[in-house]
Amino acid sequence: METTVAEDQAAGPGRPPAPRGARGTLARPLRAAARLLRLPGGRGRRWAAWCAVPLLAVVSAVVLCRAADTDGITPLPQLLAFLPWLLVPAALGLLLSTAARWPLGCGWALAAAAATGWFIQPYDGGTPPEPHGPVLARLRVMTANLEFGQAREGLLSALRRERPDLVAVQECDARCAAALDSAAVRGAYPYRNVTLGDSAAAGSAILSRHPLTRADGVRGTLRMPGAVVRVAGQRLRMQVAHPMPPVPGRLDLWRTELGRLRAYADGRGEAPTLIAGDFNATQDHAAFRAVLDTGLRDSARAAGVSRTPSWPSATAPALGAQIDHVLASRGLRPRTARFLDLPHTDHRALLVELDLYGPQG
């Protein structure tokens with residue numbers, strides 16, 4: 001192979017000519033990356049370091065999104081739902097960097113783990129001040145996603161056992177609506193707003209032991225009905241939440257529908273307000289934190305169980321994400337929160353006990 005004088009000089013005496021073509025183009029950035037990362041020598045150590053790099057890069061990308069208050073693009077919103085579990089790849093990255101004797105990698109791993117640990121702390125956001133004055137009533141509020149109506153029998157059993165005052169139901173199909181229309185359920189919950197959609201996942205319902213007036217709900221692909229409930233002479237607004245999930249290709253729709261819930265929360269007025277349901281979002285999603293920042297309190301957070309997974313039920317509570325929430329405005333003080341296992345659904349139900357106060361000054 002012939003080379004020019006310039007190329008021979010660049011190669012230096014006793015050194016092969018610089019690679020040309022695709023191999024040369026690829027080699028140069030790899031060598032630059034190796035110099036930047038200061039990868040260790042030795043095949044085994046270099047292999048361990050290169051295995052640590054993608055693990056730490058993923059953790060860093062997710063943590064940077066969290067710090068920048070953005071949800072990013074696929075797969076970052078999906079990974080943000082499981083942010084606490086990123087401590088595992090961070091720890092593995094530290095182990096590999098230690099095995100490689102790579103100081104920069106060890107520092108990177110420790111920084112990524114520390115940042116992840118910082119954001120695991122419960123999010124306070126725009127938490128409203130504690131209500132004051134007389135307590136008008138103590139309410140038990142339940143939210144349950146029935147997964148295409150399959151968990152209707154489990155829901156009915158939970159209603160008989162737990163006797164909540166207000167219930168938000170998601171993914172209520174025609175069979176679910178028929179079950180909720182039975183004499184026994186109507187006797188216990190004579191007031192309701194049931195809206196069916198064009199699929200088994202689209203329907204939702206509000207059940208109440210207290211007088212209820214239907215209200216305009218939040219517009220969405222899945223039904224999100226609203227109501228005004230009269231409890232001990234106090235008006236209480238209730239809204240079901242069920243935005244579309246952040247699946248690839250539909251992130252804009254997910255953000256838009258969470259934005260509509262935020263607009264509802266921001267314009268709720270002075271009446272005590274509950275937004276309950278499957279938000280398809282955790283406190284690590286910027287779109288969900290924007291809802292909290294309107295002055296709503298996450299009941300599970302207030303009760304000390306903010307990181308208890310509610311989905312998927314097959315692995316919760318050991319592994320999962322808390323995407324089912326009951327959000328309460330000023331005038332409502334959460335006291336307890338429990339997650340209930342229902343058969344035949346991929347969600348756990350959430351049961352919250354709250355105190356309803358009189359008008360706040």
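Here the structure is a predicted model, which means the values were calculated and not measured.
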Regarding Glu257 and Thr221, is there a side-chain donor-to-acceptor distance under 3.5 Å anywhere?
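Yes, because at least one side-chain N or O of Glu257 sits under 3.5 Å from a partner of the opposite role on Thr221.
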[Y] and [X], any side-chain heavy atoms less than 4.5 Å apart:
X	Y	result
Leu319	Pro309	no
Arg330	His132	yes
Leu236	Leu139	yes
Val62	Cys65	no
Pro54	Val58	no
Met238	Val167	no
Pro359	Gln234	yes
Arg223	Leu196	no

hydrophobic_cluster_shared for [Y] and [X], side chain cutoff 4.5 Å:
X	Y	result
Phe279	Met224	yes
Val59	Val53	no
Leu327	Leu350	no
Val352	Leu342	no
Leu110	Val88	no

Identify the heavy atoms of [X] and [Y] that sit nearest to each other, and give their distance.
X	Y	answer
Arg307	Pro84	NH1-CG, 3.4 Å
Ala52	Ser97	CB-OG, 3.8 Å
Gln239	Leu261	CG-CD2, 4.4 Å
Ser310	Ile323	OG-N, 3.1 Å
Gly277	Gln170	CA-NE2, 3.5 Å
Leu292	Tyr123	CD1-CD2, 3.8 Å

Closer than 3.5 angstrom, by distance alone: can the side chain of [X] be matched with the main-chain N or O of [Y] as a donor-acceptor pair?
X	Y	result
Asn193	Arg214	no
Glu353	Arg138	no
Asp341	Ser313	no
Arg230	His210	no
Ser299	Val326	yes
Thr345	Asn145	yes
Arg209	Pro164	yes
Arg260	Arg219	yes
Trp85	Gly320	yes
Arg152	Gly149	yes

To the nearest 0.5 angstrom, please state how far the [atom1] atom of [X] sits from the [atom2] atom of [Y].
X	Y	atom1	atom2	value
His347	Glu171	NE2	CD	6.0 Å
Phe148	Ser199	CZ	OG	8.0 Å
Tyr189	Asp181	OH	CG	15.5 Å
Leu94	Leu87	CG	CG	11.5 Å
Arg235	Thr273	CZ	OG1	9.0 Å
Arg175	Glu153	CZ	CD	10.5 Å

Under 6.0 Å from the [atom1] atom of [X], do we count more than 12 heavy atoms belonging to anything else shown?
X	atom1	result
Arg43	CZ	no
Arg140	CZ	yes
His344	NE2	no
Glu270	CD	no

Lys/Arg N to Asp/Glu carboxylate O, [X] vs [Y], below 4.0 Å:
X	Y	result
Asp71	Arg289	no
Asp324	Arg348	no
Arg297	Glu130	yes

Residues two or more places apart in sequence or in another chain: which of them pass side chain to side chain contact (heavy atoms under 4.5 Å, CB included) with Tyr191?
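Ser208, Pro211, Leu212.
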Before you tell me yes or no, could you show the steps for Phe288 and Thr282 under side-chain contact (heavy atoms from CB on, under 4.5 Å), namely the whole-Å CA-CA distance, both residues' side-chain angles and the distance that decides it to 0.1 Å?
CA-CA 7 Å; Phe288 179 71; Thr282 74; 5.9 Å; no
Aromatic ring pairing Phe82/Trp311, orientation class (parallel under 30°, perpendicular over 60°, tilted between)
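Tilted, since the angle between the ring planes falls between 30° and 60°.
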Apply side-chain contact (heavy atoms from CB on, under 4.5 Å) to Arg66 and Leu80, showing your working.
CA-CA 8 Å; Arg66 180 65 177 80; Leu80 276 165; 4.2 Å; yes
Chi angles and distances behind the side-chain contact (heavy atoms from CB on, under 4.5 Å) call for Leu354, Leu274:
CA-CA 10 Å; Leu354 310 99; Leu274 287 169; 4.1 Å; yes
With sequence neighbours left out, which residue pairs that include part of residues 235-278 fulfil the ring-ring contact (aromatic ring centres under 6.0 Å, His included) condition?
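Listed once each, the pairs are Trp254-His285.
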Arg192/Val185 under side-chain contact (heavy atoms from CB on, under 4.5 Å): CA gap, chis, key distance, verdict:
CA-CA 11 Å; Arg192 72 262 316 280; Val185 179; 3.9 Å; yes
Intermediate values then yes/no, side-chain hydrogen bond (donor to acceptor under 3.5 Å, both in side chains), Ser306 and Gln322
CA-CA 8 Å; Ser306 64; Gln322 187 180 117; over 6 Å; no
